[in-house]
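Only this structure's heavy atoms are used, side chains among them; waters, hydrogens and symmetry mates stay out. Sequence positions, counted from 1, serve as the residue numbers for this chain.
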Amino acid sequence: MAEAAPLYDTYSRAPLRFERGEGVWLITESGERYLDFGAGVAVTSVGHSNPHVVGALKEQADKVWHLSNIYEIPGQERLAKRLTDATFADKVFFTNSGAEALECAIKTARRYQFSKGHPERFHIITFEGAFHGRTLATIAAGGQEKYLEGFGPKAPGFDQVAFGDIEAVRAAITEATAAILIEPVQGEGGVRPATTEFMKALRQLCDDNGLLLILDEVQTGVGRTGKLFAHEWSGITPDIMAVAKGIGGGFPLGACLATAEAASGMKAGTHGSTYGGNPLAMAVGSAVLDIILADGFLQQVRDVALVFRQGLASLKDRYPDVIEDVRGEGLLLGIKAAVPSAELLQAIRAAHLLGVPAGDNVIRLLPPLVVTAEEAREGLARVERAAESIRASKVKKTA
């Protein structure tokens, strides 16, 4: 009898074992090269083994790894200043993950209302199809039954409405509402962007009703859509924003950003983290920002994204029996499959291209932001190879 695996059985892992990475490529133990257009689910923002980021990590590793937030950590102050200088925010709380950043955002919003004399205001309006993390609070915020099942009563205080329906949002506001929480583009939910009109209307509703607008930019932030943060496309700013994934370039790092007013209820002792903002993460995060904020970088992301999007649109036209739709913003793109998405994902992997499954029968393509136009075209060629193999298989079955 085979020995049981020592790991929790919580993942359906692909049978691929990668030993190292170079830019947009991953190399298996046997030497096979895969074009990585999954980027660890939008995490490896500046590519694998980026020399600048690796150098920053090594330099810090020779100094000090961990201090805890009992002491002042200069790296936190430096990175927080860079983030506040580049965004709407005045305050930053560092975490280790996106779910923790969302937990902080939820607590910040509730604590704000409490500090203003409204303890009854703790409900947060969220949206169908959302994904905000795997903690008990964030699965309740996401509201998807497949993540809630078996974990006891759903954490209270989250009221879900249809994505994009402003009248449903308006109707859901009560005396108990503290905030509205939304992803500018639903990633896990099937790469569904919110319209500019919807985002502006949410901002206005919050202003009119004394609510806080919380944005989950864990997947959409740090250049992923071609702006530093996706909400910039709609010309609005949030009160609170959760960030992670791309900001660490592969190192565990998240952050909750807020205006001074929104963060005013978060006094000493109201929140904390042992590892959050550790010196290693701060060094890496700052090195990632060196690259993302460099002159011309985000324009390059937009230029390559246009090449990629146009190429996918062409494939949709030529393979409507495989590709039903192409959606997304910047380098957060989704292929809605006309066949089971698992079949398309398998065909893409067979072409040595990596993507990420999502809801609504969608495959996400999330290359590192350093991807070149030539590498994007190589990715397109592999998607076409996958589509051709699916079509050929269909023909064979009907022959």
Q: Return yes if a side-chain donor-acceptor contact under 3.5 Å exists between N69 and Q76, otherwise no.
A: yes

**Q.** Lys NZ or Arg CZ of R385 over Y319 ring: under 6.0 Å, within 45°
**A.** no

Q: State the CZ-CZ distance between F163 and R192, to the nearest 0.5 angstrom.
A: 6.0 Å

**Q.** Distance flag, aromatic centroids of Y34 and F18, threshold under 6.0 Å
**A.** yes

**Q.** Distance-only side-chain donor-acceptor flag, Q299 / R302, under 3.5 Å
**A.** yes

Q) Got a second to check how far K146's NZ is from I139's CD1, nearest 0.5 Å? A) 12.5 Å

Q: Answer yes if M199 and V169 sit in the same cluster of Ile, Leu, Val, Met, Phe, Trp and Tyr residues linked by side chain heavy atoms under 4.5 Å apart, and no otherwise.
A: yes

**Q.** Shortest non-hydrogen separation from L331 to F308 and the atoms involved
**A.** CD2-CD2, 4.2 Å

**Q.** Member of L315, V322, L344 meeting the side chain to side chain contact (heavy atoms under 4.5 Å, CB included) criterion with V383
**A.** L315

**Q.** Pair R170-E167, salt bridge (Lys or Arg N to Asp or Glu O under 4.0 Å): steps then yes or no
**A.** CA-CA 5 Å; R170 187 175 281 111; E167 292 308 317; 2.7 Å; yes

Q. Rounded to the nearest 0.5 Å, what separation is found between the CG atom of L257 and the CZ atom of F93?
A. 12.5 Å

Q. Nearest 0.5 Å, what's the CD-CH2 distance between E329 and W233?
A. 7.5 Å

Q: Would you please test T220 and E183 for side chain to side chain contact (heavy atoms under 4.5 Å, CB included) and show each step?
A: CA-CA 8 Å; T220 57; E183 302 157 277; 5.7 Å; no

Q) Would you say the side chain of T95 lies within less than 4.5 Å of the side chain of Y275, judging by non-hydrogen atoms? A) no

Q | Contact summary for D239 and F88, nearest pair of heavy atoms | A | O-CE1, 3.6 Å

Q) At what distance, to the nearest 0.5 angstrom, does CG of D360 lie from CZ of R327? A) 4.5 Å

Q | Point-to-point distance, once rounded to the nearest 0.5 Å, from CD of E29 to CD1 of I27 | A | 12.5 Å

Q: State whether a side-chain donor-acceptor pair under 3.5 Å links S341 with N361.
A: yes

**Q.** Option among E188, K245, R364 that satisfies the side chain to side chain donor-acceptor pair (under 3.5 Å) test with Q219
**A.** R364

Q) If we ignore angles and hydrogens, is there a donor and acceptor under 3.5 Å between the side chains of R82 and S286? A) yes

